[in-house]
Amino acid sequence: MALQQEKLYTIEDIYALPNGKRAQLLDYGIKLFKYRTAGVREYWIINPATRTENVYDFEHDKATNQYEFDDKIPVCIYDGFSLQISGLL
C-alpha cells in the first residue's frame, strides 16, 4: 500500500500584484473574485503605467481605495503599518 502525500493549501493574507494592460481583465475581474471568495483579506493591484495602486480591503468589506506611488498606504489588515511604493522602487 502506497502512502499518499497530504496537500496543504493556504490562503495568503495579502496579495500585491503589478498590473499591465494585458493583465487588467484578469486582475480586476477573475483574480479579484477568486481571491475574495478564497478568503484573501487584502488585495493590491499596482499599476506602474499610471503610478497608482488600488487597495481592496476584503476583511472589513470596505470600498476600494486608490493611491499614488508617493502616498503612504495603510495596510488594512495590520493596524499602524503602511507602505510607500515609491520607497520600494
**Prompt:** Is there side-chain contact between R41 and F58, with at least one heavy-atom pair below 4.5 Å?
**Reply:** no
**Request:** Return yes if some donor-acceptor pair links the side-chain N/O of N47 with the main-chain N/O of A49 below 3.5 Å, else return no.
**Result:** yes
**Item:** Verdict with supporting geometry, L83 and K72, side chain to side chain contact (heavy atoms under 4.5 Å, CB included)
**Value:** CA-CA 6 Å; L83 290 172; K72 284 195 173 187; over 6 Å; no
**C76 side, atom SG; H60 side, atom NE2 - distance, nearest 0.5 Å** = 7.5 Å
**Prompt:** Measuring from D71:CG to I85:CD1, what's the distance to the nearest 0.5 Å?
**Reply:** 10.0 Å
**Request:** Would you indicate whether the side-chain heavy atoms of K31 and Y43 approach each other to under 4.5 Å?
**Result:** yes
**Message:** Test your reading of the model: is there a side-chain donor-acceptor pair from E42 to the backbone of I77, 3.5 Å cut-off?
**Reply:** yes
**Request:** Give a yes or no on whether the backbone of D70 and the side-chain of Q84 come within a donor-acceptor separation of less than 3.5 Å.
**Result:** yes
**Request:** Let me see the working for K62 and V55 under side chain to side chain contact (heavy atoms under 4.5 Å, CB included), right down to the final yes or no.
**Result:** CA-CA 10 Å; K62 291 188 179 177; V55 177; over 6 Å; no
**Prompt:** Going by heavy atoms in the side chains, are F69 and T52 under 4.5 Å from each other?
**Reply:** no
**Item:** Minimum side-chain heavy-atom gap S82-V75 below 4.5 Å
**Value:** no
**Pair N54, T64: side-chain N/O donor-acceptor within cut-off below 3.5 Å** = no
**I73 side chain near W44 side chain, heavy-atom distance below 4.5 Å** = yes
**Request:** Starting from the C-alpha separation in whole Å, work towards a yes-or-no answer on side chain to side chain contact (heavy atoms under 4.5 Å, CB included) for E68 and R51.
**Result:** CA-CA 6 Å; E68 296 181 5; R51 297 184 54 83; over 6 Å; no
